[in-house]
> 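A single structure is presented below for examination.
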Amino acid sequence: MTQQSTADAREIVFDHVVKTYPGSDTPAVDDLSLTVPAGEICVLLGPSGSGKTTALMMVNRLAEPTGGDIRIGGKSITDLDPIELRRSIGYVIQQTGLFPHLSIADNVATVPKVLGWDKKRIKERVGELLELVGLPVGEYGRRYPSQLSGGQRQRVGIARALAADPPVMLMDEPFGALDPITREHVQDEFLALHERIRKTVIFVSHDIDEAVKMGDRIAIFREGGRLAQYDTPRTLLKQPADAFVARFVGADRGLKRLTLTRLADLDLAPVTAAEGLPDLASDATLRSALSLMVAEGTDAVRVLDASGEVLGEASLDAVRKAGAA
């Protein structure tokens, strides 16, 4: 699959959106206004009961807004048929929601079949997507969800959400059920995939580290469904809007900022010692570099390119200065 431009994605606008459930005196989401630019990942973050999942569900009208408007690509969702709207949006949930009685290939083909695609087109699309998520159809297409690992099932869920080539994807804590190692791996795979497909993604999480890693922008909700801050991860960590946001992102937000810069982004110094410094790949984060220096008792790391050639040296002082920028 060739890389797509953001022209294939759609801007999402929340315009003073309110959601109050029947029998409740207080809104689950209260006067929410924010814009998710086309092709970006927006992570919704907040404590339990803050309305982040409700905000996500209103985009495809699984929860109907009580007030305000949501527009996708300039069109109000209230002007669209709910079923057609949902078919045009990819949806990934924590437990993947795969049909256990269907093969992996048939799971991915679900929406194209509903849309009436011909068999040849469906077969080609299923093969393309399973290859894209690292599960070749020849090896995995005839298997069933119970025959896959948790990480593999999550990748199938992503492939299924992409089957009809939707401009928008909604992801509700999609990696929350995975163990930490698998979770990190699938996160990395999805980010690499997003670089190629450039969908507009709204991603619900409860984990600030995941939000910083995954999001182009982060929306932090406070209890009562009110938006506390909507910013890039770097701005959010450097300039929390208030004490609530500062507490929520954590006292170690300075360390979290180190995950936003990679060694390749530094002006590396010439290596001063041929021996004694630990090696680290240039795509490693500054936080990884700092951790390695502490573990090895050094004040610098040697930085290597993808072929193992030495690019230079990153010192503790350079890491500190870059993290404070």
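In this chain, numbering begins with 1 at the start of the sequence shown.
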> Determine whether a donor-acceptor pair (N or O, by modelled atom type, separation under 3.5 Å) exists between the side chain of Arg61 and the backbone of Ile77.
yes

> Using only atom types and a distance under 3.5 Å, with no angle test, would you say the side chain of Arg257 pairs donor to acceptor with the backbone of Arg253?
no

> Which pair of non-hydrogen atoms, one from Pro166 and one from Ser88, has the smallest distance, and what is that distance?
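In this case the closest contact between Pro166 and Ser88 is CB-O, 3.2 Å.
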
> Hey, is the main chain of Gly276 close enough, under 3.5 Å, to the side chain of Glu296 for a donor-acceptor pair?
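Checked: no pair found.
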
> Apply salt bridge (charged side-chain N to carboxylate O under 4.0 Å, His left out) to residues Glu139 and Arg142 and explain how you reach the verdict.
CA-CA 8 Å; Glu139 183 177 353; Arg142 294 185 178 181; over 6 Å; no

> Asp69 vs Thr78, test: side chain to side chain contact (heavy atoms under 4.5 Å, CB included). Steps then yes/no.
CA-CA 8 Å; Asp69 192 23; Thr78 58; 4.3 Å; yes

> Do the side chain of Glu124 and the main chain of Arg121 share a donor and acceptor less than 3.5 angstrom apart?
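No; zero donor-acceptor contacts below 3.5 Å.
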
> Quick check: does any side chain N or O of His206 sit under 3.5 Å from a backbone N or O of Leu45, one acting as donor and the other as acceptor?
no

> Okay, side chain of Arg302, backbone of Asp279: is any donor-acceptor separation there less than 3.5 Å?
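Side chain of Arg302 to backbone of Asp279, a donor-acceptor pair under 3.5 Å: no, none is there.
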
> Quick one: does any side-chain atom of Arg287 pair with a main-chain N or O of Leu258 as donor and acceptor, under 3.5 Å?
no

> Start with the C-alpha distance between Arg153 and Leu98, add both sets of side-chain angles, then the distance that settles side chain to side chain contact (heavy atoms under 4.5 Å, CB included), and finish with yes or no.
CA-CA 8 Å; Arg153 288 194 296 272; Leu98 300 179; 4.1 Å; yes

> So, the side chain of Gln147 versus the backbone of Tyr144: is there a donor-acceptor pair under 3.5 Å, distance only?
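Here the side-chain-to-backbone pair exists.
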
> Please determine which of Val36, Thr200, Leu85 meets the side chain to side chain contact (heavy atoms under 4.5 Å, CB included) test together with Ile72.
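One option only clears the test, and that one is Leu85.
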
> Can we say Asp81 and Arg86 salt-bridge, meaning some charged N sits less than 4.0 Å from an Asp/Glu carboxylate O?
no

> State whether a side-chain donor-acceptor pair under 3.5 Å links Ser288 with Thr285.
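Short answer, yes.
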
> Can you tell me if Glu309 uses its side chain to pair, donor with acceptor, with the backbone of Leu304 under 3.5 Å?
no

> Between Met58 and Pro65, what is the shortest heavy-atom contact and its length?
SD-CA, 3.6 Å

> Ignoring hydrogens and geometry beyond distance, is a side-chain donor-acceptor pair present between Ser50 and Glu223 at under 3.5 Å?
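Result is no, nothing qualifies.
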
> Could you tell me if Thr66 and Tyr21 have a donor-acceptor pair between their side chains, going purely by distance under 3.5 Å?
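Not at all, the side chains of Tyr21 and Thr66 share no donor-acceptor pair under 3.5 Å.
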
> So, do Phe203 and Phe175 have ring centers that fall under 6.0 Å from each other?
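They qualify: ring centres under 6.0 Å apart.
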
> Check whether any side-chain heavy atom of Val108 lies under 4.5 Å from a side-chain heavy atom of Leu130, and answer yes or no.
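Val108 vs Leu130: side chains touch.
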
> Using a strict 4.0 Å threshold on nitrogen-to-oxygen distance, state whether Asp283 and Arg262 make a salt bridge.
no

> Honestly, is Arg160 close enough over Phe99, meaning NZ or CZ under 6.0 Å from the six-membered ring centre and within 45° of the axis?
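Yes - Arg160 lies over the ring of Phe99, closer than 6.0 Å to its centre and within 45° of its axis.
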
> Do Ser307 and Asp305 meet the criterion of a side-chain donor-acceptor pair at a distance under 3.5 Å?
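Present: a donor and an acceptor within the cut-off.
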
> Is it true that a side-chain atom of Thr235 and a backbone atom of Thr232 form a donor plus acceptor pair closer than 3.5 Å?
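Checked: no pair found.
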
